[in-house]
J.: 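Once you've had a glance at the structure underneath, I'll fire off some questions.
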Amino acid sequence: ETLKPLAGRTAVVTSGPTHEPIDPVRYIANRSSGRQGHAIAAALARLGADVTLVSGPVTIPDPPGVTTVHVETAQQMLDAATSRLPADIAVMVAAVADWRVASSVGQKIKKQPGEAPPPLMLTENPDILKTVGHHEKRPTLVVGFAAETQDVENNGRAKLARKGADMIVANDVSPGTGIMGGTRNRVKIISAAGVEEWPDLDKSEVAIRLADLIAAKLG
Ligand code: C5P
């Protein structure tokens, strides 16, 4: 046990998509599988950390050795994540929906013959990473992700500052990369120290390397 570098440390990880209801049967979501976030939660636990994983709706199993809290919406994810603070480590991997339906309704919206489709009014969701990065109980190490389709490095750097993160794991999720929903990932690690480019790796390998890096940074 004394060999585990994250023994005695606590971590909060978000993973998966969020589902934002339109009505009781419909929702807005995205293609996140939760694979990368779940793998990171498991890797931190293997290094000895006490890990809470806040997961949006996914089809993959809860990772071993981790306390998993299941949520649906961004608001629920924010509440679950911030309720676990203080923590030493936060890794916000979830692909949180940027918007939710401004006034979702309790009854199924019915299709009316001859009528125009209903308009969907959206409103902005809370930013969980940004909230945690500026929180009065801010974790010692705050890690965010940046899924971009262009200008990955510059967008990652901007995100580091804006979100109050210590590290941004940036990846190119352009169609054709197969990253979103896939099993492999190619990332750049962006921090105040500079940019480190990792090769194309299985998401589980990215998770192990990231957990090692987190352990090294925490000392
Ligand atoms: O701003 P953008 O969505 O590109 O930032 C991505 C990072 O911010 C990821 O770490 C993601 O988990 C986090 N995020 C969040 N809450 C949001 C939007 C993004 O935690 N509402």
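Please read all numbers here as calculations on a predicted model, not as lab measurements. Just so it is clear, the values below take in all heavy atoms, side chains as well, and ignore hydrogens, waters and symmetry mates. Whatever order the structure lists them in is the order used to number ligands and atoms, beginning at 1.
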J.: Is it the case that the side chain of Lys203 and the backbone of Gly182 share a donor-acceptor pair, with hydrogens and angles ignored and the cut-off at 3.5 Å?
T.: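 Yes; judged by distance alone, with no hydrogens or angles, the pair exists.
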
J.: State if Lys163 counts as touching ligand 1 under the rule of any non-hydrogen atom under 4.0 Å.
T.: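 Right, Lys163 reaches ligand 1.
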
J.: Taking heavy atoms and a distance under 4.0 Å, where does Asn125 meet ligand 1: side chain, backbone, both or neither?
T.: neither

J.: Is Leu122 reachable from Val96 through a run of hydrophobic residues whose side-chain heavy atoms are each under 4.5 Å from the next?
T.: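 In one cluster: no.
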
J.: Give the residue and atom name of whichever protein heavy atom lies nearest to atom 14 (N) of ligand 1, and the separation in Å to one decimal.
T.: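 Sorting protein heavy atoms by distance from atom 14 (N) of ligand 1 puts Asp127 OD1, 3.8 Å first.
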
J.: Look only at the side chain of Asp88 and the backbone of Thr10, and say whether a donor-acceptor pair between them is shorter than 3.5 Å.
T.: yes

J.: Between Thr73 and Gln76 (side chain of the first, backbone of the second, donor and acceptor by atom type, cut-off under 3.5 Å), is there such a pair?
T.: yes

J.: Looking only at protein heavy atoms, identify the closest one to atom 7 (C) of ligand 1 and say how far it is in Å.
T.: Phe145 O, 2.8 Å

J.: To which protein heavy atom is atom 16 (N) of ligand 1 closest, and what is the distance rounded to 0.1 Å?
T.: Ile128 N, 2.9 Å

J.: Check if Ala165 has a non-hydrogen atom at a distance under 4.0 Å from any atom of ligand 1.
T.: no

J.: Between Asp50 and Arg84, is there a side-chain N and carboxylate O pair less than 4.0 Å apart?
T.: no

J.: Do Asp202 and Ser204 have a side chain donor and acceptor closer than 3.5 Å?
T.: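 A donor-acceptor contact under 3.5 Å links the two side chains.
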
J.: For atom 17 (C) of ligand 1, find the nearest protein heavy atom and state the residue, atom name and distance (0.1 Å precision).
T.: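 Nearest neighbour among protein heavy atoms for atom 17 (C) of ligand 1, to 0.1 Å: Val96 CB, 3.5 Å.
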
J.: Return the closest protein heavy atom for atom 13 (C) of ligand 1 as residue, atom name and distance.
T.: Leu129 CB, 3.6 Å

J.: Of the protein's non-hydrogen atoms, which lies at the shortest distance from atom 4 (O) of ligand 1, and what is that distance?
T.: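 I find the closest protein heavy atom is Lys159 NZ, 2.4 Å.
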
J.: Between Ala147 and ligand 1, find which residue part has any heavy-atom pair under 4.0 Å and reply side chain, backbone, both or neither.
T.: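 Neither; nothing of Ala147 gets under 4.0 Å from ligand 1.
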
J.: Is there side-chain contact between Thr140 and Ile89, with heavy atoms separated by less than 4.5 Å?
T.: no

J.: Does any N or O in the side chain of Ser15 come within less than 3.5 Å of the main-chain N or O of Val93, such that one atom is a donor and the other an acceptor?
T.: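 Here the side-chain-to-backbone pair does not exist.
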
J.: For Arg100, does its backbone N or O pair with a side-chain atom of Thr123 as donor and acceptor, under 3.5 Å?
T.: no

J.: Counting each atom of ligand 1 from 1 as listed, which ones have a heavy atom of Met92 under 4.0 Å away?
T.: 9 (C), 10 (O), 11 (C), 12 (O)

J.: Surrounding NZ of Lys130 (heavy atoms of other residues, nucleotides or ligands, distance under 6.0 Å), is the total greater than 12?
T.: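 Open: at most 12 neighbouring heavy atoms sit under 6.0 Å from NZ of Lys130.
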
J.: If the contact criterion is a heavy-atom separation under 4.0 Å, does Val93 count as touching ligand 1?
T.: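 Right, Val93 reaches ligand 1.
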
J.: Output the list of atoms in ligand 1 that are nearer than 4.0 Å to some heavy atom of Gly144, sorted by atom number.
T.: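 So the atoms of ligand 1 that pass are 10 (O).
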
J.: Tell me: protein heavy atom nearest atom 21 (N) of ligand 1, and distance?
T.: Pro126 O, 2.8 Å

J.: Closer than 4.0 angstrom: is that true for some heavy atom of Ala94 and an atom of ligand 1?
T.: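 Yes, Ala94 has a heavy atom closer than 4.0 Å to ligand 1.
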
